[in-house]
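Notes follow once the structure below has been shown.
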Amino acid sequence: MSEEKSLNFLEEIIEDDIRNGKNNGRVLTRFPPEPNGYLHIGHAKSICLNFGIAAKYNGKTNLRFDDTNPTTEDVEYVESIKKDIQWLGFKWDKELYSSDYFEQLYDFAVQLIKQGLAYVEDSTAEEIATAKGSPTEPGTPTPSRSRSIDENLLLFGEMKEGKHPEGALVLRAKVDLASPIMHLRDPLMYRIKHAQHHRTGNQWCIYPMYDFAHGQSDSIEEITHSICTLEFVPHRPLYEWFIQKLSIFPSKQYEFARLNMNYTVMSKRKLLQLVNEKYVSGWDDPRMPTISGLRRRGYTPLSIRNFSERIGIARRENLIDLSLLEFCIREDLNKSAWRRMVVLDPLKLIINNYPAGKTELMEGENNPELEDGDGFRQIPFSSELWIERDDFMEEPSKKYFRLGPGLMVRLKHAYIIRCDSFLKDESGNVTEIHCTYIPESRSGTDTSGINVKGTIHWVCAIAAETAEIRLYDRLFKVEDPSNEAGDFKEYINPNSLTVINKAFIEPDLMNAELEKGYQFIRKGYFSLDSDSTPGKPIFNRTVTLKDAWAKESQKS
RNA sequence: UGCCCGAUAGUAUAAUGGUAGUACGACUGUUUUUGGUGCAGUUUGUCUAGGUUCGAAUCCUGGUCGGGCAACCA
């Protein structure tokens, strides 16, 4: 029937597991964000993967907040993360928190101490680091390593009870200080933090490290396939070590390459800097690669899901072209966005032979891609119009299909006109152009027999409303700002935002709705910004249309 | 210089020992009342040197290149 689509390597693993009856064919994944920032397009890839792959194999996905570091986390982030996942169109099975397991994790730690596999360390962070050795030299034991089990139990209990200041003691796993895998050189399991946790408050003053929380949480939930990004590959031996020593459910970790995209940054640390240092207006600034930023910019959930599908899943490092994301949103919006006419850079056009004061209503389909145009709207027309300044050239080149002295164009949804003359101000700028219209050329009932090459958009000067338009360009001037010398912020594109205070919009756009895409004909896709107030719409440009003319004219 | 990943067109991603394909990009033509869309087509690739094999992108060995690992972050 349908074309067999090739599987990515994770799907192959899962199909293999199902064939072999592993976990009785059960598939349970999890999406485990730390609530210390907003989700970005890279997380969207992971969300689509985790939720998508589970759904494909009749499994489920838990949402688990990996909240083991109270000093960086906040409920604001928890709420934004939940909203973004739902907006993308996914439903989690259980909403869970690593902090739900603090008691259980503590018991696990006690168990390991009793097994002689964990000890309380009293060296400083620097001393610990030094004693770990280097990749080419083995580490050396600290005096704490030989502490008795009873003393370890006593001290760990004291840590929990808050008898020690931050930094005084940590709990370490006793693995192998000579391991060629640095991660196995007695990693930290617990540290003291006298901090307020966003869920457990002051109940705890010791917090498990990632390595002692993540795998165990997976295991407690009986996650079958714990999918994470490549930077966790070195953690896998430890992940397995803890599970084995604790004799708990053997969740398995698999890694794929995280998404990198050119002309932006994708680390929460850097995104946080952009927000805190006011390079952008917030996490949802339309220039941000965050899901909330893309939403505000006008991206649709479908476009992001399609994007995630197209970029694929592999273990190779990648740098995806922004143009692919743009293709995905154009593809979706072309099929769904209502067409409207807006003049961004206005020039007055007067039709000399059209009766002054007369108005007509022209009819325009909402979307020519859809059946019956997806309905129609009325567009007022009169003898005075606004057209785009770059749709007129005083001395047009050969390939220019628009207006110039003596040239004819079609006014979209209206008449064919011919340019007769134009006016200039004292500094040489064109201020007004005068035309003649062909009465029998009206759209739909054209009997003029005239063919013109160009069609331009316009807005009736009498009926026009106005709006603020925000145009966005890539946030960075270079493809990979993190890879450049110096601070990545030096490479921010100073022209990433252009504000047009007063654009002329056709009246129907006063009814524009949030999170609905509009195509401003010949200009791009736009959506209403949440800063809009009644009677004062603000539009964000989601993405331009492909513009073959811009390329053509750049050549010369 | 210890350990671990990885390497297929500009960018991604398939081919699971048997014709190197697909998408985006680029380019050409065509349609079009959006220089948009659609349609048709062109272009460019298996890191390298050996080996195994009738046959290698795929398996083996060496090399090269790229990335990661020594946070009281996740």
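Below, chains carry the letters A, B, ... as their sequence lines are ordered, and counting in each starts from 1.
Relative to the side chain of A:Trp549, the nucleotides B:rC5, B:rG35, B:rG6 differ in distance, and B:rG35 lies closest. Of the candidate nucleotides B:rG35, B:rC72, B:rA12, B:rC72 has the atom lying nearest to any side-chain atom of A:Ala125. When each of B:rU34, B:rA74, B:rA12 is scored by its nearest atom to the side-chain atoms of A:Ile521, the top-ranked nucleotide is B:rU34. Closest to the side chain of A:Lys193, out of B:rU37, B:rA70, B:rC73, is B:rC73. For A:Arg310, counting side-chain heavy atoms from C-beta on, the closest listed nucleotide (B:rA12, B:rC73, B:rA23) is B:rA23.
Below 30°, between 30° and 60°, or above 60°: for A:His197 and A:Phe102 the angle between ring planes is above 60°, a perpendicular geometry.
As rounded to whole Å, 12 Å separates atom P of B:rG36 from atom CG of A:Asn334.
Between A:Met362 and A:Gln378, the closest side-chain pair of non-hydrogen atoms is not below 4.5 Å.
In this structure, A:Asp321 reaches the bases: a heavy-atom distance under 4.0 Å links it to at least one base atom across the strands shown. Nucleic acid contact for A:Tyr207: none, since no nucleic acid atom lies under 4.0 Å from a heavy atom of the residue.
B:rU58 and B:rA49 have their P atoms separated by 13 Å, given to the nearest Å.
Across every non-hydrogen atom of A:Arg310 and A:Glu331, the tightest pair is NH2-OE2, 3.2 Å.
Between the side chains of A:Ser144 and A:Arg147, at least one donor-acceptor pair of N or O atoms lies under 3.5 Å.
Between A:Arg191 and the phosphate of B:rA74, there is a side-chain N or O to OP1/OP2 separation shorter than 4.0 Å.
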